[in-house]
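Have a look at the structure below, then the notes.
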Amino acid sequence: MNTSKKTTKTISLKNYGISHDNIKYQLTPSQLHDITLQKGMGKEASSGALAVNTGEFTGRSPMDRFIVKDKVTQDEVWWGDINIPFEPLKFDALYDKVIAYLNEKELYVRDCYACADHNYRTDIRVINEYPWSNLFAYNMFIRPTDEELKNFEPEWTVVNAPGFMADAKVDGTRQHNFAILNFTRKIALIGGTGYTGEIKKGIFSALNFILPTQKNTLPMHCSSNVGKNGETAIFFGLSGTGKTTLSTDASRKLIGDDEHGWNNENAVFNFEGGCYAKVINLSEEQEPEIFGAIKRGAILENVIMDDKGDVDFADTSITQNTRVSYPIYHIDNVQRPSIGKNPKNIFFLTADAFGVLPPISKLTPSQAAYHFISGYTAKVAGTEAGVKEPIPSFSACFGAPFMPLHPTKYAEMLSKKMKETGVNVWLVNTGWTGGPYGVGTRMKLKYTRAMINAVLNGDLGLYSYDDYHIHSVFGVAQPRTCPGVPTDVLSPRTTWNNDEAYYTTAFKLTNAFRENFKKFESYASEEIRRGGPQRYAF
Ligand code: ATP
Ligand code: MN
């Protein structure tokens, strides 16, 4: 692996319209770390990691994500609030402005690729204004060997100019920041935001269009790992539900923490070469692997450190979305290459802040399809005094912001694969227990891990009514016992100690499910509709 060797290759960006040659090409992580410090753009944490502030934006900005509407995309993309159209001519004009801006700057360029399965390999060139954003690209995309770099011809280019501010009226953006995908020119154009997640999610969104439409492969917003006997598990879930946390498990080899493809050759492959973990309240005791990955080469984002460089992971004064990115080899137990066989188990992770979904339950195929299209999790209300009501949040395919096609396209592909493989699907509530947010508590990570391990070790076979109970509201199969987990915890109703409040809240949630599902009803078969909750409040 090309981790420390200094490459001497230089590069011209004339074909992009960059006329100067002040280009730092393929610098090592160490060089980028040092340059960031020299420029005063970051600090070194006591762990050795680089700590940066991403500036105005500490998360993605979904309302400023556009797709150029042209011959390639117009009839395929599901246009709307998520996939907002952008005019080709406006794109060309804005691109030229960004390039003119970058033409005045020293630039950091990295050639890398996405997709561990080389049949799907997508070569990418990332052009960054800032050195630490280029280190992020090193960490997150797959690193080509020196040999592979010799004749490297990028297919896609990410142009990343955090310091460039758009003029919304002239440029056709909503405000000064933007992330625009152009499938004809194969460019992801990002400006006005330093949030690094836009870089990885830009390419993810591109693959979410290309793989299903051109390569008959299902892209998934999921993490993945593999057990000792080679069996793969995948974990779908929206942000903060536990994809990264639960896939990083010392007893299983990590395939990837966020983006995978499931091809027709019976394999699941990672798109990326690194992980991007949330670090809010991170502790060495609870999450030793992630904690240990925070060392030189890693980038901490928007954390607070003391004078000695010790990070206070509980400090959310910049944002709740504090993060660390690191190359996958910072984790000890990883699968190489990042490819696994057809999964035996799929987990849908949800952080149910209403606290009414069972911590683990098994889904029938129709329930699995229903929950995949619904993509439920809950947001906890802001910290204003008195506001404690959870807000249901539905995001189709557990990743709607990154899915350019209609959700039913992905759902149909997944249903077909589930049928072909007979995979087991589980719904895991990593959210609240004993009451809703504000009353109950977050499910203990060690219990969630115990439930998942019980499934993976075959200790949670639900064969007869003695083993499980059908939840009277959600209709899912709730195990009665699970090794390593107190029996009470398995039944959310029991943890509430107040049946009336429990059912009232459960019906609030099923009503939200029903309301959300209306927009899919006309597309969904009878079989999928049957997979919804069994009871609603009227
Ligand atoms: P993203 O898509 O934004 O990367 P993610 O699905 O990878 O999100 P994680 O980074 O794993 O989400 O975040 C889960 C957070 O919830 C972590 O901070 C983790 O420590 C915390 N957590 C608390 N309890 C649990 C639990 N029972 N299961 C999983 N995570 C938990
Ligand atoms: Mn994650």
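Computed from a predicted structure; not experimentally measured. Any value given below was found using the heavy atoms of this structure, including those in side chains, with hydrogens, waters and symmetry copies removed. Atoms within each ligand, like the ligands themselves, are counted from 1 in listed order. Residue indices begin at 1 and follow the sequence shown.
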Can you sort out which atoms of ligand 1 are near [X], meaning under 4.0 Å from one of its heavy atoms?
{"X": "Thr245", "answer": "9 (P), 11 (O), 13 (O), 14 (C), 17 (C), 19 (C)"}
{"X": "Thr448", "answer": "26 (C), 27 (N), 28 (N)"}
{"X": "Lys444", "answer": "27 (N)"}
{"X": "Glu287", "answer": "19 (C), 20 (O)"}
{"X": "Lys278", "answer": "3 (O), 10 (O), 13 (O)"}
{"X": "Thr241", "answer": "6 (O), 12 (O)"}
{"X": "Leu238", "answer": "6 (O)"}
{"X": "Asp258", "answer": "2 (O)"}

With only distance considered, is [X] within less than 3.5 Å of ligand 1 through an N or O on each side?
{"X": "Leu246", "answer": "no"}
{"X": "Gly237", "answer": "no"}
{"X": "Ser239", "answer": "yes"}

Polar side chain donor-acceptor pair, [X] to [Y], under 3.5 angstrom:
{"X": "Asn177", "Y": "Thr193", "answer": "no"}
{"X": "Asn429", "Y": "Thr350", "answer": "no"}
{"X": "Thr319", "Y": "Asn321", "answer": "no"}
{"X": "Ser247", "Y": "Asn225", "answer": "no"}
{"X": "Thr322", "Y": "Glu301", "answer": "no"}

For ligand 1, is Gly240 a contact, meaning one of its heavy atoms is under 4.0 Å away?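 Right, Gly240 reaches ligand 1.
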Does even one non-hydrogen atom of Arg60 get within less than 4.0 Å of ligand 1? no
Please work out, at 4.0 Å between heavy atoms, whether the side chain, the backbone, both, or neither of Arg323 comes within that distance of ligand 1. side chain
Would you mind checking which non-hydrogen protein atom is closest to [atom], with the distance to 0.1 Å?
{"atom": "atom 29 (C) of ligand 1", "result": "Leu445 CD1, 3.7 Å"}
{"atom": "atom 2 (O) of ligand 1", "result": "Lys243 NZ, 2.7 Å"}
{"atom": "atom 21 (C) of ligand 1", "result": "Arg442 NH1, 3.7 Å"}

With Arg323 as the cation and Tyr276 as the aromatic partner, state whether NZ or CZ is under 6.0 Å from the six-membered ring centre and within 45° of the axis.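 Judged by the rule, Arg323 and Tyr276 form a cation-pi pair.
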Report yes or no: is the cationic atom of Arg60 (NZ for Lys, CZ for Arg) under 6.0 Å from the centre of the six-membered ring of Tyr195, at an angle within 45° of the ring normal?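 Judged by the rule (NZ or CZ under 6.0 Å from the ring centre, within 45° of its axis), Arg60 is not positioned above Tyr195.
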So, Ser239 and the Mn ion (ligand 2): N/O/S under 2.8 Å, yes or no?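 So Ser239 does not count as coordinating the Mn ion (ligand 2).
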For the residue pair [X] and [Y], categorise the inter-ring angle as parallel (less than 30°), tilted (30 to 60°) or perpendicular (more than 60°).
{"X": "His406", "Y": "Phe520", "answer": "perpendicular"}
{"X": "His330", "Y": "Tyr326", "answer": "parallel"}
{"X": "Phe204", "Y": "Phe402", "answer": "tilted"}

With no hydrogens and no angle check, is any side-chain donor or acceptor of Arg65 less than 3.5 Å from a backbone partner on Ile180?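 No: the side chain of Arg65 does not pair with the backbone of Ile180.
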